[in-house]
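Atom set for the values below is all heavy atoms of this structure, side chains included, hydrogens, waters and symmetry mates excluded. Every chain is numbered from 1, with letters handed out A, B, ... down the list of sequences.
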Amino acid sequence: MHSFGYRANALLTFAVTILAFICAIASFSDNFSNQTPSAQIQILNINWFQKQPHGNDEVSLTLNITADLQSLFTWNTKQVFAFVAAEYKTSKNSLNQVSLWDAIIPEKEHAKFWIQISNKYRFIDQGHNLRGKDFNLTLHWHVMPKTGKMFADKIVMSGYRLPNAYR
Amino acid sequence: MDWQGQKLAELLMQILLLIAAVVSFVVGYATASFRTMMLIYAGGVVLTTLITVPNWPFFNRHPLKWLDPSEAEKHPKPEVVLSSKKKSSKK
């Protein structure tokens, strides 16, 4: 502590170490939040359902997505990334997950929403297994913090079924 | 700074930074504002820098007593004689 430079260095190092501790505690405090998200997805219409030239099935849907993700936001949340995936089983793959829609929610106010759109990303199968297929629509979300660990979770909604014939 | 001053500076630095950390976390958590926490902590770091880093007079209240120059002249330093090696040259 005998010189200006020595003291400045010691202070800076200690300050940054303590900053790391503060951020760790802030991240840990996220575990105490009570999270009760809810969501509902309705398929309003199957726009078309065809076999592509290369032999893969493709379907276009119009979805109605209602969700309330406000309780996921804490003081340490930067944004929530939410996406809807169609999940089903085929003989070739035990789990197929096709992402149909996603959104970045930067603030708590925007986390309660109702949206009606056709699928943002194409729903294409690996093969031609989709006729008469039962599938789940799952809303996944990733809570991205300002500091610390990212949490991910999902709500599975089942009971959807594709038509038996192309149209 | 003298020895006592250095010890005081180090102690002050550690305590002030810890207090800044605790206050900033409590206020930030209570107001649910991460930004507030960071701003208060940054303010605390700047305040601590201003108090402990510059060479303030209150850090020099127990100055070291160096030997007086006139006293030093009366006791000159002993001269060190370097022993030089003589190379034996063969002719």
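With salt bridges taken as basic N to acidic carboxylate O contacts below 4.0 Å, none links A/Asp57 and A/Lys51.
Scored by the ring pair (Phe, Tyr, Trp, His ring centres under 6.0 Å) test, B/His62 finds no partners at all (sequence neighbours excluded).
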Residues 16-39 of chain B, side-chain donor-acceptor partners within the protein, below 3.5 Å, at least two apart:
{"residue": "B/Ser24", "atom": "OG", "partner": "B/Ala20", "partner atom": "O", "Å": "3.1"}
{"residue": "B/Ser24", "atom": "OG", "partner": "B/Ala21", "partner atom": "O", "Å": "2.9"}
{"residue": "B/Thr31", "atom": "OG1", "partner": "B/Val27", "partner atom": "O", "Å": "2.9"}
{"residue": "B/Thr31", "atom": "OG1", "partner": "B/Gly28", "partner atom": "O", "Å": "3.4"}
{"residue": "B/Ser33", "atom": "OG", "partner": "B/Thr36", "partner atom": "N", "Å": "3.1"}
{"residue": "B/Ser33", "atom": "OG", "partner": "B/Thr36", "partner atom": "OG1", "Å": "2.7"}

Cut-off 3.5 Å, no hydrogens considered: what does the side-chain donor-acceptor table look like for residues 11-30 of chain A, sequence neighbours left out?
{"residue": "A/Thr13", "atom": "OG1", "partner": "A/Asn9", "partner atom": "O", "Å": "2.8"}
{"residue": "A/Thr13", "atom": "OG1", "partner": "A/Asn9", "partner atom": "OD1", "Å": "3.4"}
{"residue": "A/Thr17", "atom": "OG1", "partner": "A/Thr13", "partner atom": "O", "Å": "2.8"}
{"residue": "A/Ser27", "atom": "OG", "partner": "A/Lys149", "partner atom": "N", "Å": "3.4"}
{"residue": "A/Ser29", "atom": "OG", "partner": "A/Ala26", "partner atom": "O", "Å": "2.6"}
{"residue": "A/Ser29", "atom": "OG", "partner": "A/Trp75", "partner atom": "NE1", "Å": "3.1"}
{"residue": "A/Asp30", "atom": "OD1", "partner": "A/Thr74", "partner atom": "OG1", "Å": "2.7"}
{"residue": "A/Asp30", "atom": "OD2", "partner": "A/Asn76", "partner atom": "ND2", "Å": "3.4"}

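The aromatic rings of A/His142 and A/Phe81 sit tilted, their planes meeting at an angle between 30° and 60°.
Residues of residues 43-53 of chain B lying within less than 4.5 angstrom of chain A, judged on heavy atoms, are B/Val45, B/Thr48, B/Thr49, B/Thr52, B/Val53 in numerical order.
When the options A/Arg122, A/His128, A/Gln50 are evaluated for a side-chain contact (heavy atoms from CB on, under 4.5 Å) with A/Glu58, the one that passes is A/Arg122.
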